[in-house]
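Each chain gets a letter, A, B and so on, in the order the sequences are listed, and its residues count up from 1. Just so you know, these numbers come straight off a predicted model, no measurement behind them.
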Amino acid sequence: MTETGHRSGGGSGETPTVSTRRRYRRLLFGSVGVGVVANVALRLLSYPVAAEAAYWVGIVGFLAVWQFSPVTLFDERDAELERRASTVTLVVAAVVLVLGASGARTLGALGIYDAPPFVGGVLYGYVGLFVVFAVAYGWISGTR
Amino acid sequence: MNNDVRARREERGLSQGGLAEEVGVTRQTINSIERGRYDPSLELAFTLAAFFECRIEDLFDPDGDDAM
């Protein structure tokens, strides 16, 4: 999600971007937040259709701000933080997948414990995550 | 990587937020650079050097600690 950029040169009285970026970032995450909160509130009030509509208004708002913001929403440090957080997330997922899959198979084969179906679903979900990562990595490395 | 950003910024009477505005990054990025916790991209290093009207090697010392 993070795209970076900053102006070249400096001190020449160019239009400030940081406060604008802050404002649009608030709008970006605020639209999703409001959509989710409204969704939960409306579902609790038994308005399921209106709840989904509110949710999608939030999502569309997020996408609109992301796509049409006049400034770059994240700077290069944000991108670096996101890259590092993604790496940690993948490592955690890999550890859970490697240990969880093997553990579930072993315990099942020994008749000690049969993992409920949702555990298998979670593990296959992680497999899907790594497949998406591999495809994305291959695609991006082909364009750089 | 050690750098001279804080000294040069203070010399000009700029806050971190002010410098951030001038070079188009967040205040947190300037703070991290000054504390040696983040090494800027080559593009940002050039931008900072141009802003302070000096060379990159006058601003950054590669013999400092490793950063992010």
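Not a single donor-acceptor pair under 3.5 Å links the side chain of A:Arg77 to the backbone N or O of B:Val25.
By the criterion of side-chain heavy atoms lying less than 4.5 angstrom apart, applied directly or through intervening Ile, Leu, Val, Met, Phe, Trp or Tyr residues, B:Phe46 is grouped together with B:Leu19 in one hydrophobic cluster. Both A:Val32 and A:Leu63 belong to a common hydrophobic cluster when Ile, Leu, Val, Met, Phe, Trp and Tyr are linked at side-chain heavy-atom distances under 4.5 angstrom.
By the side-chain contact (heavy atoms from CB on, under 4.5 Å) test, A:Phe130 is found to be paired with A:Leu90, A:Ala93, A:Ala94, A:Leu97, residues two or more places apart in sequence or in another chain being considered. For A:Asn39, the side-chain contact (heavy atoms from CB on, under 4.5 Å) partners two or more places apart in sequence, or in a different chain, are A:Arg43, A:Ala51, A:Glu52, A:Tyr55.
Minimum interatomic distance between A:Asp78 and B:Thr26 (heavy atoms only, all atoms of both residues): OD2-CG2, 4.3 Å.
Between A:Glu76 atom CD and B:Ile33 atom CD1 the span is 6.5 Å, to the nearest 0.5 Å.
Both the backbone and the side chain of B:Gln28 come within less than 4.5 Å of a heavy atom in chain A.
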